[in-house]
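Below is one structure; the comments refer to it alone.
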Amino acid sequence: MGYLSSDKHFFSGFKLTLRQVFAPTVTTSYPDEKRPKQPRVHGRHVLNRYEDGTEKCIGCELCAAVCPADCIYVRGADNPPDAPVSPGERYGFVYEINYLRCIHCDLCVEACPTEAITESKLFEFSFTSRADAIYTKKELVVDDEGRPQHLPWEDWREGDDIHTSAWMRATSPSGVAAYEGEVQWSAELGYGTRAPEGGQSNKRDDEETGTLSIRAVSRNKIPTRFGGEVR
Amino acid sequence: MGDPLFSHGVDLGAIVIVLVKVLVAFGFLLVATMLMIWFERKVISDMQVRIGPNRAGPYGVLQTLADGTKLFFKEDLIPEGADRFVFKLAPYLALIPAFLIFTIVPFGGVVNIAHHVVELQVADPPMGILFLLALSSVAVYGTMLAGWSSGSKYPLLGAVRASAQMISYEAALGLSIVIVVLRTNSLSTRAIVASQASAVWHWNVVRTGIIPFVIFLIASTAELNRPPFDLSEGESELGGGFHTEYSSIRFALFFMAEFMNTITMSAIVVTLFFGGPDGPGFHFLRWLWPILWFFGKTLVFCYIQVWIRASLPRLRYDQLMDLGWKTLIPLSLGWMLIVAGALESHTWAYCVLGGAVLGGLLLHRSVVVARKRRMMGTALLPDVDDRRRRDVATKGLLAGPESTGS
C-alpha cells in the first residue's frame with residue numbers, strides 16, 4: 001500500500017487521466033490529413049531537367065555503381081546529333097529503379113555528378129504488381145514545369161510536389177564540417193535557387209528561417225498546429 | 001411480498017407484459033453492450049489524448065457492429081486438445097449470467113398498464129440480491145471451464161488465476177451486500193430501492209457509511225476481471241489468458257459478457273447504494289423520470305469503470321491477494337459487525353467498534369510481522385545462534401545461501 005502514503009498518491013493517476021480528457025488530441029487523421037513532411041525526407045526519385053528541357057542525366061552509371069541495394073539499372077547511349085536528349089556526349093538511354101529493393105539511402109543522389117537524380121518527398125506509394133514497382137525513365141523524368149509525375153498509385157497532396165527536384169548534399173564538402181551559408185540545394189526547374197540553411201553557429205539571419213535551420217523551423221510547424229511543442 | 005403483477009392471478013395480459021419486459025431488457029442489454037464498448041473505447045482514447053474509433057458511423061458508434069460482423073465471419077477454431085463440449089459451453093456460461101443479473105435490477109418506478117400494476121424490472125424475486133451472488137458464482141465457471149477445456153497452458157493459468165481471484169473477492173462483495181441488507185431489512189431489490197427513496201441522505205452510500213460502497217466497487221471490479229484486476233487475461237504474461245484459444249463468435253461472446261457485466265454491475269451499484277431510480281421528478285411524464293435517473297447514474301458508474309481502467313496499472317498477483325484477503329475482507333467484516341451493532345443499540349455499537357479496532361490492529365501487526373519474517377528469512381531468526389545455524393547448514397537441512405557458502 002505504499003502508493004497511498006507517498007506524495008504521488010493513489011488518486012494522482014485518476015487526476016492525470018481526467019486532465020487528459022480536456023487536453024487537445026494529438027492524433028492526425030492520417031489518410032485524411034497529413035503532417036507536413038521534413039524538408040530532407042528521402043522519397044521516390046525524380047530525374048531532373050535543365051531549363052531548356054534537356055535531361056541532366058548523362059548515363060554515367062555512377063548511381064547504379066554506388067547503389068547498395070542494387071536497384072538501379074542504367075544504360076547510356078550517344079546523343080543523337082540532330083536532337084540531343086542531354087547536353088554533352090551521352091545520355092541515359094535506359095533508366096530503371098526497382099522500388100521493391102530501394103532503401104532510399106540517397107547515395108545515388110550523392111554520387112550523381114550532374115544533379116540529375118534527386119529524391120522527392122513522396123513515400124506513400126504502393127503497387128499491386130511487381131511491374132509497377134519498377135519505375136522506368138518514362139515515370140521518373142519531371143514534366144515541363146519541373147514537377148514529378150503523379151502516378152495512379154501515388155498519394156500526392158497539395159504542395160507535396162514542389163521543392164522536390166532540389167539536391168541536398170548530405171556529407172560536408174572538402175571536410176569542412178560547419179558548412180555554413182552555402183547553398184546546399186541545386187537550382188530547381190521553375191523555382192530557382194533556395195536560400196542557404198542556417199548552420200549551427202546561428203550567424204545567418206534570413207527571412208525564411210531566421211537563424212534556425214530549415215529542419216528546426218519545419219519541426220516547430222508540426223506541433224503548433226495542434227497547440228503544443230516538441231520536447 | 002411478491003410481484004404485484006400476479007396479485008390477481010396469472011392472466012393473458014400479465015403473460016404478455018412479462019414477455020414484453022423480457023424482450024425489452026434483452027434488446028436493451030444487447031444495444032447497451034454495443035454502445036458500452038464504443039463508449040469505453042471513446043472515453044479511454046479521450047484520456048490518452050487520441051481520437052478512438054471514428055470511421056464506422058457517426059463518431060464511430062457502429063464500430064462494435066463492424067467488429068462483431070467481422071468476428072461472425074471468422075473461422076471458428078477448436079484446438080485439438082480441447083474438450084469440445086465444455087469448450088463450446090463455456091462462452092454461454094459467461095454470457096448468460098450477465099443477462100440474468102440484470103433481471104433483478106429495478107430500472108424504473110411502478111406503472112399501470114392495462115389495469116395491471118407493473119414494476120419496471122424483469123423480475124422481483126423475494127431472494128433478490130442473493131440471485132446476484134449466485135449468478136456471479138456461475139460466471140466463474142464460464143471463465144474457469146474456458147481455460148480448462150482449451151487444453152493449453154496459458155488459458156489454464158489464466159483460469160486458475162481467475163477462479164482464485166473471483167472466489168476471494170466474492171467474500172468481500174457478499175459482505176458489503178450483507179451490510180446493505182442489514183440496513184434495509186430486505187433481500188428484494190425493489191424493497192432496497194424503496195427504502196432509499198426521496199432524499200440523498202437516505203441513499204445507502206450515506207446510511208451505511210461510505211466504506212461498503214468502496215469495497216463493493218473494488219470487489220465488483222475484481223469480480224468482473226476488469227483492469228486493474230484483469231490478471232486472468234494478462235496479455236503480457238499469459239498471451240490473452242483464459243480466452244487465448246478462442247476465436248470467432250465465441251471470443252466475441254466472452255467480450256460481450258465482460259462489457260455487459262460492466263453495465264450490469266454499474267446498475268447493481270446504483271441499486272444498492274445510490275437509490276436506483278430515485279431522484280427528483282416532474283409531473284410531466286411522471287413515469288419517465290425514474291428511468292432517466294437510473295440510466296444517468298448507471299452511465300456515471302460506467303464512466304468510473306472506464307476511468308479506473310485508464311488510470312491504474314495491473315496488480316501483481318500477490319498484491320491482488322493481499323488486497324483481497326488482508327484488506328477488503330477484514331474491513332468489510334469489521335464494518336458489517338459495526339453496522340449490525342449500531343442497528344441494535346449504542347452500547348453494542350461501541351463494544352463492536354472497540355472489538356473491530358482491536359482485531360484490526362492485531363491483524364495489521366500479524367501481517368507486518370509475517371512480512372518482516374519472510375524478508376529476513378529463517379536463518380536470521382533471533383533464537384537460532386550461530387553454531388546451531390552452522391550445524392544445520394552442514395547437515396544440509398537449511399535451504400538458502402548459508403547452506404552453500406562455508
Side-chain angles (χ1 to χ4, degrees), chain A residues 1-38 41 122-128 152-160 216 218-231, chain B residues 39-56 58-60 63 210 214-215 217-218 221 227-229 300-316 318-331 360 363-364 367-368 370-371 375:
Chain A
M1 305 297 279
Y3 43 79
L4 274 175
S5 51
S6 63
D7 64 321
K8 287 263 178 235
H9 57 88
F10 181 72
F11 291 102
S12 60
F14 287 89
K15 245 168 57 190
L16 178 77
T17 40
L18 199 61
R19 204 168 52 229
Q20 300 271 58
V21 173
F22 304 104
T25 318
V26 295
T27 314
T28 311
S29 303
Y30 167 65
D32 300 333
E33 54 168 310
K34 289 183 184 176
R35 293 187 171 193
K37 287 167 185 159
Q38 296 288 353
V41 162
L122 177 88
F123 57 86
E124 292 135 315
F125 57 119
S126 61
F127 5 78
T128 48
W153 53 84
E154 293 175 344
D155 188 15
W156 292 92
R157 296 294 168 93
E158 183 70 35
D160 266 6
S218 72
R219 187 181 61 208
N220 285 332
K221 271 182 200 150
I222 299 170
T224 47
R225 285 177 57 224
F226 301 95
E229 57 182 275
V230 168
R231 277 173 287 249
Chain B
F39 178 74
E40 170 142 10
R41 292 179 65 175
K42 269 298 194 193
V43 169
I44 221 163
S45 22
D46 272 352
M47 290 179 170
Q48 295 168 350
V49 204
R50 56 192 177 86
I51 298 174
N54 67 343
R55 311 295 291 185
Y59 300 100
Q63 185 62 46
I210 203 154
V214 174
I215 292 170
L217 195 65
I218 297 173
T221 310
F229 303 107
V300 168
F301 278 96
C302 288
Y303 189 90
I304 289 177
Q305 291 275 9
V306 179
W307 193 12
I308 290 173
R309 176 180 164 181
S311 306
L312 297 179
R314 187 184 294 140
L315 267 71
R316 220 168 49 211
D318 61 320
Q319 291 173 333
L320 176 92
M321 285 297 157
D322 275 6
L323 180 66
W325 289 100
K326 294 178 187 167
T327 310
L328 290 187
I329 292 179
L331 188 62
L363 184 78
H364 180 71
V367 167
V368 167
R371 185 177 298 149
M375 285 167 94

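Labels below follow one simple rule: chain letters A, B, ... track the order of the sequence lines, proteins then strands, and each chain is numbered from 1. In this text, all values refer to a predicted model and were calculated from it rather than measured experimentally.
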If you compare all heavy atoms of [X] against all heavy atoms of [Y], which two are closest, and at what distance to 0.1 Å?
| X | Y | value |
| --- | --- | --- |
| A:F14 | B:W307 | O-NE1, 3.1 Å |
| B:M47 | A:Q20 | O-CB, 3.0 Å |
| A:T17 | B:S311 | OG1-OG, 2.7 Å |

One option among B:D322, B:I44, B:I51 has the most heavy-atom pairs under 4.5 Å with chain A, and it is B:I51
Rounded to the nearest 0.5 Å, how far apart are [atom1] of [X] and [atom2] of [Y]?
| X | Y | atom1 | atom2 | answer |
| --- | --- | --- | --- | --- |
| A:T25 | B:D46 | OG1 | CG | 7.0 Å |
| B:Q48 | A:T27 | CD | OG1 | 10.0 Å |
| B:N54 | A:S29 | CG | OG | 5.5 Å |

Bottom line for B:L312: the part with an atom under 4.5 Å from chain A's heavy atoms is side chain
**Item:** B:Y303 atom OH, neighbour heavy-atom count above 12 within 6.0 Å
**Value:** yes
